[in-house]
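All residue numbers in this chain count up from 1 along the given sequence. As the structure is a computational prediction, the values presented were derived from the model and not from experiment.
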Amino acid sequence: MDNTKSIEPSDFSSPLLSTESQGYGEEKREKGTWLVPPRLILSTLVAVSGSYVFGSAVGYSSPAQTGIMDDLNLGVAEYSLFGSILTIGAMVGAVISGRIADYAGRRVAMGFSEIFCILGWFAIAFSKVPVYVAEITPKNLRGALTTIHQLMICCGVSLTYLIGAFLNWRILALIGTIPCLVQLLGLFFIPESPRWLAKFGHWERSESVLQRLRGMNTDVSQEATEIRDFTEALQQQTEANIIALFQLQYLKSLTVGVGLMILQQFGGVNGIAFYASSIFISAGFSGSIGTIAMVIVQIPMTTLGVLLMDKSGRRPLLLISASGTCLGCFFAALSFFLQDLHKWKEFSPILALVGVLVYTGSFSLGMGGIPWVIMSEIFPINVKGSAGSLVTLVSWLCSWIVSYAFNFLMNWSSSGTFFIFSSICGFTILFVAKLVPETKGRTLEEVQASLNPNST
């Protein structure tokens, strides 16, 4: 350990990735060719097909609720278990997905995911989509391309809402296998992560893959050297397990990664997404119209978040997003509160709709995707698998708590439920302002060296 080279953020300055000179995007613009190489686009699209699968699974329980409860004679407790079982499967996947992704590769992990999804939509969390996309993209495009993960989740949720409004819940489940097959076949046409290849000493393959991802006319020598130096320094240490993550040197990264996931889930997202139709009906509004309105809001706002990710930065989008979710939950809570008082009966359903749409749009802008982007950026590669498993497990545990308890909370107090969500979203604003770093425009190595100064 004493001979290990100390790595500072300044060590990773790279003229290849600079926007002033030899910048990846600038170089491509001057040549009049693709701004983003076709291989990088293909690899990203195949990876985020799994995100669409996840989105369709999340969106499934809302339009299917009435049909399943009627056909199978389920009560609130039984359907709450059904609605939350996705998160139980995700927790199981989270426990072992990190090791699979680390030792077998990112592509193999995604392939396992789709096989299990086809069999039962059960182990979706095996897929390490944000990590893979973050590792194959240059820093000036990383935020936007990684956030496509959230855009595809949004598309999956939205299209499932729309299709579910017209089709039987059994047919809807069968349709969910189609994107699984798309990704499973697409994995044969995309490369492994160059950083994962470097981690296991496959230096020539790593540089070859990097060349294909950046474009054959791009000089990747600086970036390849940067990855190699950082990886060799990390290999001086043993592979960290989940217990080893609780060392002081990883404290800040762990606090940010776990904290964002807890606040994301306890802000109510999966309760609202899983049971959107019943929320609108409880508020006195049409369930089908309400869910279609959510679709209209979700996709444009998620797309806007993708476009702004590498321009405005992560922190500003998170702060705006958290503020909007806080306000949206407050509007929904106020709507149910007015119903309880039997006042403004004609106005309160509209207020509930506005509240849910403000929440949905704001969440889609930042809180939906950025925590996963940041999680994929802040952990060094020697702990990334274990850290990813832990963070994902925490996320799905919180998701299960919210999705299972949501119907019971609504029966207890609809207004109280949304006031709780609003308060948690308000606390998220403070958490982001105080603790979350800005990672825009920095290489993964720079981010990790600044957050974990003693890890190399």
Undergrad: How close do Thr428 and Ala322 get, counting heavy atoms only, and between which atoms?
TA: CG2-CB, 3.9 Å

Undergrad: Between Val402 and Gly268, what is the shortest heavy-atom contact and its length?
TA: CG1-CA, 4.2 Å

Undergrad: Can you label the angle between the Phe427 ring and the Phe431 ring as parallel, tilted or perpendicular, going by 30° and 60°?
TA: tilted

Undergrad: How many angstroms lie between CZ in Arg314 and CG in Leu319, if you round to the nearest 0.5 Å?
TA: 14.0 Å

Undergrad: Report yes or no: does Glu438 contribute a side-chain atom to a donor-acceptor pair with the main-chain N or O of Arg315 at less than 3.5 Å?
TA: yes

Undergrad: Any side-chain donor paired with an acceptor under 3.5 Å for Thr360 and Gln298?
TA: no

Undergrad: Any chance you could measure Tyr250, atom OH, to Thr255, atom OG1, to the nearest 0.5 Å?
TA: 14.5 Å

Undergrad: Answer yes or no: is there a donor N or O on one side and an acceptor on the other, between the side chain of Ser321 and the main chain of Met367, under 3.5 Å?
TA: yes

Undergrad: Calculate, to the nearest 0.5 Å, the distance between atoms CG and CZ belonging to Leu185 and Phe188 respectively.
TA: 7.0 Å

Undergrad: Does any non-hydrogen side-chain atom of Pro194 lie less than 4.5 Å from one of Leu213?
TA: yes

Undergrad: Nearest 0.5 Å, please: how far is CG in Leu390 from CE in Met261?
TA: 11.0 Å

Undergrad: Does this structure show an ion pair linking Arg228 with Glu207, if we count only N-O contacts that are shorter than 4.0 Å?
TA: no

Undergrad: Determine the minimum heavy-atom distance between Leu317 and Gly305, stating which atoms define it.
TA: CD1-O, 3.9 Å

Undergrad: With a 4.5 Å heavy-atom cut-off, do Val358 and Ser362 have their side chains touching?
TA: yes

Undergrad: How about Lys440 and Lys311: do any of their side-chain heavy atoms sit closer than 4.5 Å?
TA: no

Undergrad: Go through the side-chain N and O atoms of Asn270 and Ser403 and say whether any donor and acceptor fall under 3.5 Å apart.
TA: no

Undergrad: Against Val256, only a single residue in Val391, Ile374, Val432 fulfils side chain to side chain contact (heavy atoms under 4.5 Å, CB included); can you say which?
TA: Ile374

Undergrad: Measure the shortest side-chain to side-chain distance between Ile279 and Phe418 over non-hydrogen atoms and say whether it is less than 4.5 angstrom.
TA: yes

Undergrad: What heavy-atom pair brings Gly366 and Leu318 nearest, and what distance separates the two atoms?
TA: O-CD2, 4.1 Å

Undergrad: What heavy-atom pair brings Tyr359 and Cys329 nearest, and what distance separates the two atoms?
TA: CD1-SG, 3.4 Å

Undergrad: Please answer whether the main-chain N or O of Ser221 pairs with a side-chain N or O of Thr225 as donor and acceptor at a distance below 3.5 Å.
TA: yes

Undergrad: So, for Ser364 and Thr302, which heavy atoms are closest and what is the spacing to 0.1 Å?
TA: CB-OG1, 3.1 Å

Undergrad: Taking atom CD1 of Ile299 and atom CG of Leu304, what is their separation to the nearest 0.5 Å?
TA: 14.0 Å

Undergrad: Going through the distances and angles, do Thr392 and Trp372 end up as a side-chain contact (heavy atoms from CB on, under 4.5 Å)?
TA: CA-CA 9 Å; Thr392 306; Trp372 293 101; 3.8 Å; yes

Undergrad: Applying side-chain contact (heavy atoms from CB on, under 4.5 Å) to Met294 and Leu357, what does each step give before you reach the verdict?
TA: CA-CA 6 Å; Met294 287 178 65; Leu357 294 184; 3.9 Å; yes

Undergrad: Would you say that Gln264 contacts Ser395 through its side chain, given a criterion of any heavy-atom pair below 4.5 Å between the two side chains?
TA: yes

Undergrad: So how far is it from Phe330 CZ to Phe419 CZ, rounded to the nearest 0.5 Å?
TA: 5.5 Å

